[in-house]
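One structure is given below, encoded as structure tokens.
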Amino acid sequence: MTGWLIDIIPTERPSDVMDAPEAYRAAWGRYVGEVVPGDGDPEDWREQAARLEAAARILPDPHVRVAGRSYGGPDPMTLAHYGVVRIRPYMDQLTLPASNVDRWDLMPSLRPFLGRDARSVACDGDAIDVAARGMLDRHPGSGVVAKFMLREKRLPLAFIDPDGTFMQTDEYGGKPEHIPFAAWRWAGYDLALFEGEPDAVLVQQKARMRYEYRMQVIGGKPVCGAGCIERFTPADNRGDRYDPRMEETRNSGRIESHPDIARLYEAFAHEAAHAIRGEVEGPYVMDLYLDDAGRPHVIELNPQSNSGLYALDMDALLTAIGNNPAQFMPDPKRTATPGCLGVRGGGGDLTVSGYRRSPFSDSLCIQKKRLQGRKHEVVELRHQRPAPIRKP
């Protein structure tokens with residue numbers, strides 16, 4: 001029987017912690033500390049408590065490791081892992097199986113499920129501009145969305161209107177301006193920092209995304225899901241494996257129940273997961289949407305460990321995780337290549353270009369690799385742009 005290591009971040013308790021389910025408070029009190037009202041975010045704490053309670057109850061031979069505290073259990077390298085990976089991962093977390101889902105845009109078998117035109121281009125100003133103009137020409141009236149894929153959330157999405165303009169934002173507090181789109185205006189310093197990197201930017205047709213929904217995929221199969229309702233946590237689940245509640249427009253506050261759409265999403269997710277099974281690695285979440293014609297499509301894929309839960313059926317999720325321990329086991333052989341960092345490959349016969357990107361720390365790097373025989377030689381190392389110096 002495989003034992004499990006449950007990683008928990010001791011999130012600050014919210015002011016309404018006493019209204020949380022008794023099972024959550026009991027698990028927190030047993031493994032983390034006293035459950036008293038605090039100033040924490042209600043959704044963040046409830047998600048951590050939901051992970052802890054369900055994992056400790058369902059996973060066999062559980063051992064809890066609280067971030068920042070001493071751990072006296074079995075060797076983590078001998079245990080399967082479940083839980084959120086913190087900003088500075090433990091060394092054993094760096095040896096977990098690799099996931100390539102952060103580069104879902106490079107999976108040919110997923111393209112038919114997107115429901116929109118999408119092209120990956122290099123980090124080159126001219127190439128990005130040409131791709132954006134071409135997308136606007138092919139789909140008049142739709143608009144375009146440009147997304148920097150090498151490090152998600154490093155740059156804001158560029159929403160380009162049908163007339164070719166976009167809202168330029170200033171990360172240092174300047175007033176946003178609505179101006180003609182140009183890659184250098186959007187990407188700025190990053191355009192030079194990552195110049196020439198292939199498949200760095202995803203240029204895609206803008207589409208209206210209704211009834212956003214998140215599917216948990218474990219062992220290559222969808223196991224449960226819930227609508228992307230920000231204020232919902234597993235504490236709000238009513239026993240539905242695929243929760244039927246969703247918002248037609250995300251964050252609108254108008255919550256509707258649509259069991260028919262939930263069933264449609266379930267069937268569609270099985271079809272999509274089966275189609276990409278040869279390209280995707282590791283557990284992941286699949287975010288879905290409904291177009292104006294009522295057809296389901298994929299928004300994107302994301303790694304499973306740190307993704308939000310919403311009103312998820314935790315029993316269904318943890319049962320599936322417990323039945324697939326191999327997807328969560330560390331491997332000492334991965335020490336040189338951190339397994340929890342997304343890895344992608346591509347290129348010619350003798351040279352394979354790839355990147356390792358970490359969502360866990362801004363101080364971690366993007367590394368360009370060249371494949372020579374069986375050895376990976378790091379030929380270039382690029383760090384994140386340093387923070388600006390501000391006057392006192």
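Counting from 1, the numbers follow the sequence of the chain as shown.
- Using cut-offs of 30° and 60° for the angle between ring planes, the Phe268 and Phe113 rings count as perpendicular.
- Remark: side-chain polar atoms of Gln304 are not paired, donor with acceptor, to backbone N or O of Ile218 under 3.5 angstrom.
- Aromatic ring centres of Tyr242 and Tyr213: separated by at least 6.0 Å.
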Go through the steps to decide whether Val217 and Val223 satisfy the test side-chain contact (heavy atoms from CB on, under 4.5 Å), and finish with yes or no. CA-CA 6 Å; Val217 183; Val223 297; over 6 Å; no
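- The shortest distance between side-chain heavy atoms of Glu212 and Met246 does not fall below 4.5 Å.
- The closest donor-acceptor contact from the side chain of Asn324 to the backbone of Ala320 lies under 3.5 Å.
- Using a cut-off of 4.0 Å between Lys/Arg side-chain N and Asp/Glu carboxylate O, Arg46 and Asp16 are scored as salt-bridged.
- Under a 4.0 Å N-O distance rule, the pair Arg231/Glu247 does not qualify as a salt bridge.
- In this structure, the side chain to side chain contact (heavy atoms under 4.5 Å, CB included) partners of Glu22, at least two apart in sequence or on a different chain, are Arg25, Ala26.
- Contact between Leu290 and Pro296 at its shortest, heavy atoms only, is CD1-N, 3.7 Å.
- One finds a salt bridge joining Arg138 and Asp117 here, because a Lys/Arg side-chain nitrogen approaches an Asp/Glu carboxylate oxygen to under 4.0 Å.
- No side-chain heavy atom of Gln168 sits less than 4.5 Å from a side-chain heavy atom of Phe181.
- Of all the heavy atoms in Pro222 and Ala273, the pair that sits closest is CD-CB, 4.1 Å.
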Apply side chain to side chain donor-acceptor pair (under 3.5 Å) to residues Asp291 and His297 and explain how you reach the verdict. CA-CA 7 Å; Asp291 66 16; His297 303 289; 2.9 Å; yes
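- Leu5 shares a hydrophobic cluster with Tyr71, Leu79; the chain of contacts runs through ILVMFWY side chains whose heavy atoms sit under 4.5 Å apart.
- If you take OG on Ser307 and CG on Asp287, they are separated by 7.5 Å, rounding to the nearest 0.5 Å.
- Side-chain contact between Pro74 and His63 is present, with at least one heavy-atom pair separated by less than 4.5 Å.
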Give the intermediate values and the outcome of ring pair (Phe, Tyr, Trp, His ring centres under 6.0 Å) for residues Trp4 and Phe328. CA-CA 9 Å; Trp4 285 82; Phe328 301 88; 5.7 Å; yes
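- Here the side chain of Arg214 pairs no donor or acceptor atom with the backbone of Tyr310 at under 3.5 angstrom.
- No close placement of the His178 and Phe166 rings is indicated, their centers lying 6.0 Å or farther apart.
- A distance-only check finds no donor-acceptor pair linking the side chain of Arg51 to the backbone of Ile8 [under 3.5 Å].
- In this structure, CG on Leu317 lies 11.0 Å from CG on Asn237, to the nearest 0.5 angstrom.
- Using modelled atom types, no side-chain atom of Asp161 and backbone atom of Asp163 make a donor-acceptor pair closer than 3.5 Å.
- Considering only heavy atoms from C-beta on, Leu150 comes within 4.5 Å of Glu197 through its side chain.
- Asp44 has its side chain out of reach of Glu12: every pair of non-hydrogen atoms, C-beta onward, lies at least 4.5 Å apart.
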Could you check Asp240 against Asp313 for side-chain contact (heavy atoms from CB on, under 4.5 Å), going step by step and ending with a plain yes or no? CA-CA 7 Å; Asp240 296 294; Asp313 181 349; over 6 Å; no
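- Looking only at distances, no side-chain donor or acceptor of Thr319 sits under 3.5 Å from a matching main-chain atom of Ala316.
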Where do Ile276 and Leu301 land on the side-chain contact (heavy atoms from CB on, under 4.5 Å) test, with the steps shown first? CA-CA 11 Å; Ile276 66 175; Leu301 309 181; 3.9 Å; yes
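- Taking 4.5 Å as the limit, every side-chain heavy atom of Asp199 sits out of range of all side-chain heavy atoms of Val121.
- Ile299 belongs to a hydrophobic cluster with Met209, Tyr289, counting contacts under 4.5 Å between side-chain heavy atoms of Ile, Leu, Val, Met, Phe, Trp and Tyr, direct or through other members.
- Cluster annotation: Val203 and Leu157 are assigned to distinct hydrophobic clusters (Ile/Leu/Val/Met/Phe/Trp/Tyr, side-chain heavy-atom contacts under 4.5 Å, transitive).
- Counting only N and O atoms by type, the side chains of Asp92 and His81 include a donor and acceptor under 3.5 Å apart.
- For the pair Arg86 and Tyr90, the cation sits on the ring face: its NZ or CZ lies under 6.0 Å from the ring centre, inside 45° of the axis.
- Phe232 shares a hydrophobic cluster with Ile229, Ile255; the chain of contacts runs through ILVMFWY side chains whose heavy atoms sit under 4.5 Å apart.
- The structure places CD of Glu300 at 10.5 Å from CG of Asp102, a figure rounded to the nearest 0.5 Å.
- Both Tyr284 and Tyr265 belong to a common hydrophobic cluster when Ile, Leu, Val, Met, Phe, Trp and Tyr are linked at side-chain heavy-atom distances under 4.5 angstrom.
- Arg116 has its side chain out of reach of Val145: every pair of non-hydrogen atoms, C-beta onward, lies at least 4.5 Å apart.
- The structure places CG of Asp243 at 8.5 Å from CG of Leu312, a figure rounded to the nearest 0.5 Å.
- Minimum interatomic distance between Pro244 and Ala262 (heavy atoms only, all atoms of both residues): CA-CB, 4.2 Å.
- With Asp236 contributing its side chain and Thr233 its backbone, the two residues share a donor-acceptor pair below 3.5 Å.
- A salt bridge links Arg208 and Glu248; the closest N-O separation between the charged side-chain nitrogens and carboxylate oxygens is under 4.0 Å.
- In this structure, the side chain of Arg133 does not engage the main chain of Ile128 through any donor-acceptor pair within 3.5 Å.
- Considering all non-hydrogen atoms of both residues, Ala55 and Pro62 come closest at O-CB, 4.4 Å.
- Under the 3.5 Å distance criterion, the side-chain polar atoms of Arg277 are matched with a main-chain donor or acceptor of His274.
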Intermediate values then yes/no, side-chain contact (heavy atoms from CB on, under 4.5 Å), Cys123 and Glu195: CA-CA 5 Å; Cys123 189; Glu195 183 179 7; 5.6 Å; no
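- Applying the salt bridge (Lys or Arg N to Asp or Glu O under 4.0 Å) test to pairs two or more places apart or on separate chains, none has a residue in residues 260-275.
- Checked for salt-bridge contact, Arg185 and Asp129 miss the test: no charged N lies under 4.0 Å from a carboxylate O.
- Atom OG in Ser99 sits 7.5 Å away from atom CD in Glu281 (nearest 0.5 Å).
- In this structure, Phe194 has its ring center under 6.0 Å from that of Phe148.
- One hydrophobic cluster, built from ILVMFWY side chains closer than 4.5 Å, cannot hold both Tyr82 and Val285; they sit in different ones.
- Atom CE of Met91 sits about 9.0 Å away from atom CE of Met77, to the nearest 0.5 Å.
- At a threshold of 4.5 Å between side-chain heavy atoms, the hydrophobic network of Ile, Leu, Val, Met, Phe, Trp and Tyr places Met215 and Met314 in two separate groups.
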After noting the C-alpha distance and the side-chain angles of His258 and Tyr211, does the key distance pass the ring pair (Phe, Tyr, Trp, His ring centres under 6.0 Å) rule? CA-CA 9 Å; His258 291 284; Tyr211 299 113; 4.9 Å; yes
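- With a 4.5 Å cut-off on side-chain heavy atoms, Met107 and Val280 count as touching.
- Formation of a donor-acceptor pair under 3.5 Å by the Asp75 side chain with backbone atoms of Thr78 is not found in this model.
- Every pair tested for side-chain hydrogen bond (donor to acceptor under 3.5 Å, both in side chains) that includes a residue from residues 217-227 fails, sequence neighbours excluded, so the list is empty.
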